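Quick caveat: nothing in here was measured; it's all calculated off a predicted structure.
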Amino acid sequence: MPKTKVLAKGKATAAARDRSIALRVNGRIVEVRTPPHRTLLEALRDAGFVEVKRGCEKGDCGACAVLVDGIAVDACLTMAWTAEGREIVTAAGLGSREAMHPLQRAFVERGAIQCGYCTPGLIVAAQSLLAKTPDPSEDDIRHGLSGNLCRCTGYAKVFEAIRDAASEMRGARRRR
Amino acid sequence: MHATFDLDRPANLAAAFALLKSEGAAALAGGTNLIVDMRAGRERPQRVVSLDRLEALRGIRQTGGQVSIGGRTTVTDLLLSPVIAKTAPALVESARLFAGQMVRNTATVAGNIACGSPAADLVPPLFALDAKLTLVSARGRRTRPIDSFFTGYKTDIRRPTELISRISWKAPTSRSCALFYKLARRKGDAITVVGVAVALDVDRGLCTRARVALGAVAPTVIHAREAEAILEGRPLTPELIDSAAESASAAARPIDDIRASAAYRRHGVRVLVRRLVTQAWERLA
């Protein structure tokens with residue numbers, strides 16, 4: 001039963017207040033003109049961040065995961081306007097071609113990619129997991145990836161890649 | 001999204017209440033239900049009032065024996081909090097099995113309650129804790145036990161201009177044990193088929209307080225009152241536990257749906273109540 005009064009379709013006339021919002025994405029400010037009812041997923045893809053994938057659009061598949069202030073969220077379940085003033089990082093923004101992030105490199109080296117559609121979301125979810133749990137158990141990884149679906153390979157190589165990256169990141173932390 | 005609406009991000013509760021008064025307004029917390037429902041056309045608010053800037057609705061506090069958490073506490077916050085780990089282990093278990101990581105990172109406790117789903121996983125453990133909800137509006141605040149909040153399938157006593165600001169409970173003693181079990185197709189990202197929370201207090205060999213809360217087997221989460229009465233005031237024996245499990249199963253009013261048959265759910269209640277009460281009793285023995 002709907003909690004808000006259901007209005008006849010034509011009557012939902014909330015004036016679309018298009019507005020320019022400044023999103024901080026991968027360390028740079030991006031101006032996006034968007035109405036209040038656009039999601040962060042839509043706004044990011046409009047702005048060219050197409051590594052953020054559109055999947056189920058209901059929070060099951062995790063293909064659209066991005067970091068907001070360091071925490072992985074589904075961009076399809078985040079309104080663009082509410083992301084203003086927050087630090088957004090996509091899978092591509094974690095590293096660069098020249099200086100890949102350990103997770104990006106491990107996914108490539110372990111072949112933890114088939115069609116690649118779920119990969120950006122898996123990398124973002126893994127980064128969010130490793131930030132809290134630098135030395136994850138098998139169960140921790142399972143729990144961290146519980147909101148990501150891969151329909152190609154299964155998850156064995158993904159787990160290997162995350163373990164590799166975690167160990168590299170722990171090493172880097174120790175050297176610092 | 002095809003739906004169109006206005007969106008506001010009030011900076012304080014007073015501004016939020018003013019906005020919530022307008023026609024067709026809906027409060028947005030984690031968004032993991034509302035945004036999905038708006039996309040599907042099940043909810044058509046004209047104005048969405050985002051609560052994301054309201055820090056007053058956050059925070060986990062323990063003052064003496066009383067625990068109080070803000071409505072905007074996320075499921076992940078529950079998993080990271082030492083206070084919750086100590087005072088609400090069954091709630092931690094339900095938080096652990098809740099959806100997937102990204103949803104846990106944004107979904108809020110108040111949102112899980114206010115969505116009114118009988119399958120809302122945080123609710124049975126909160127029933128077992130005798131949790132109280134504080135509802136606030138421009139007109140003031142009222143506090144209600146969580147088990148008197150729901151009035152039917154996805155309906156409750158909350159007025160559209162009210163927010164669940166805090167959820168509170170009494171920290172259990174060392175002579176109590178609370179458990180939760182989620183029966184579902186998978187451990188991650190699954191909707192509950194049967195959810196059972198059990199809490200027992202034991203004193204000098206007697207069960208002094210029993211709570212048996214059932215999720216996803218009735219229009220709302222329910223207490224199995226008769227089962228609780230069977231257990232209270234007695235030392236628990238396998239026969240007594242069997243009869244409580246039988247009574248809980250009879251109290252369930254499940255439906256057949258895509259996830260399971262009503263008969264399977266009734267069976268699940270019987271098995272899980274027996275199992276959890278036995279485990280809790282053995283741990284306290």
Output yes when a side-chain donor or acceptor of Q101(B) lies under 3.5 Å from a complementary backbone atom of A72(A), and no otherwise. no

Got a sec: does the NZ of K53(A) have more than 12 other heavy atoms crowding it under 6.0 Å? yes

Test side-chain contact (heavy atoms from CB on, under 4.5 Å) on N148(A) and M102(B); report intermediate values, then the result. CA-CA 9 Å; N148(A) 297 84; M102(B) 280 70 77; 3.4 Å; yes

Determine the option with the most heavy-atom pairs under 4.5 angstrom with chain B, choosing from E57(A), R142(A), H143(A). H143(A)

With a sphere of 6.0 Å drawn around CG of L13(B), does it hold more than 12 non-hydrogen atoms of other residues, nucleotides or ligands? yes

Could you tell me whether the side chain of R39(B) and the main chain of C76(A) form a donor-acceptor pair under 3.5 Å? yes

Hey, what do you get for CZ (R9(B)) to CE (M79(A)), rounding to the nearest 0.5 Å? 11.5 Å

Greatest number of non-hydrogen atom pairs under 4.5 angstrom with chain A, of V103(B), N33(B), T106(B), falls to V103(B)

Would you find a donor on one side and an acceptor on the other, under 3.5 Å apart, between the side chain of H37(A) and the backbone of F5(B)? no

Treating N105(B) as the side-chain partner and I71(A) as the backbone partner, does any N or O pair qualify as donor plus acceptor under 3.5 Å? no

Measuring from D74(A):CG to T32(B):OG1, what's the distance to the nearest 0.5 Å? 9.0 Å

Part of L79(B) within contact of chain A (heavy atom distance under 4.5 Å): side chain

Is it the backbone or the side chain of D37(B) that comes under 4.5 Å from a heavy atom of chain A, or both, or neither? neither

Under a 4.5 Å heavy-atom cutoff, which of G59(A), S128(A), G121(A) has the most pairs with chain B? S128(A)

Option in L41(A), D60(A), T39(A) with maximal non-hydrogen atom pairs under 4.5 Å from chain B: D60(A)

How many angstroms lie between atom CG of L77(A) and atom CG of L34(B), to the nearest 0.5 angstrom? 10.5 Å

Residue-level interface, residues 80-92 of chain A with chain B, non-hydrogen cut-off under 4.5 Å: W81(A), T82(A), E84(A), R86(A)

Whatever's closer than 4.5 Å to a heavy atom in chain A on S50(B) counts as side chain

Engaged part of T78(A) at the chain B interface, taking heavy atoms whose separation is under 4.5 Å: backbone

Which region of R186(B), side chain (C-beta onward) or backbone (N, CA, C, O), has a non-hydrogen atom less than 4.5 Å from a non-hydrogen atom of chain A, or is it both or neither? neither

If you draw a 6.0 Å radius around CZ in R19(A), do more than 12 non-hydrogen atoms from other residues or ligands fall strictly inside? yes

Is there a side-chain contact between T76(B) and K132(A), using heavy atoms and a 4.5 Å cut-off? yes

Could you check K187(B) against S146(A) for side-chain contact (heavy atoms from CB on, under 4.5 Å), going step by step and ending with a plain yes or no? CA-CA 8 Å; K187(B) 284 194 177 154; S146(A) 49; over 6 Å; no

Using a cut-off of 6.0 Å, state whether more than 12 heavy atoms not belonging to R33(A) lie near its atom CZ. yes

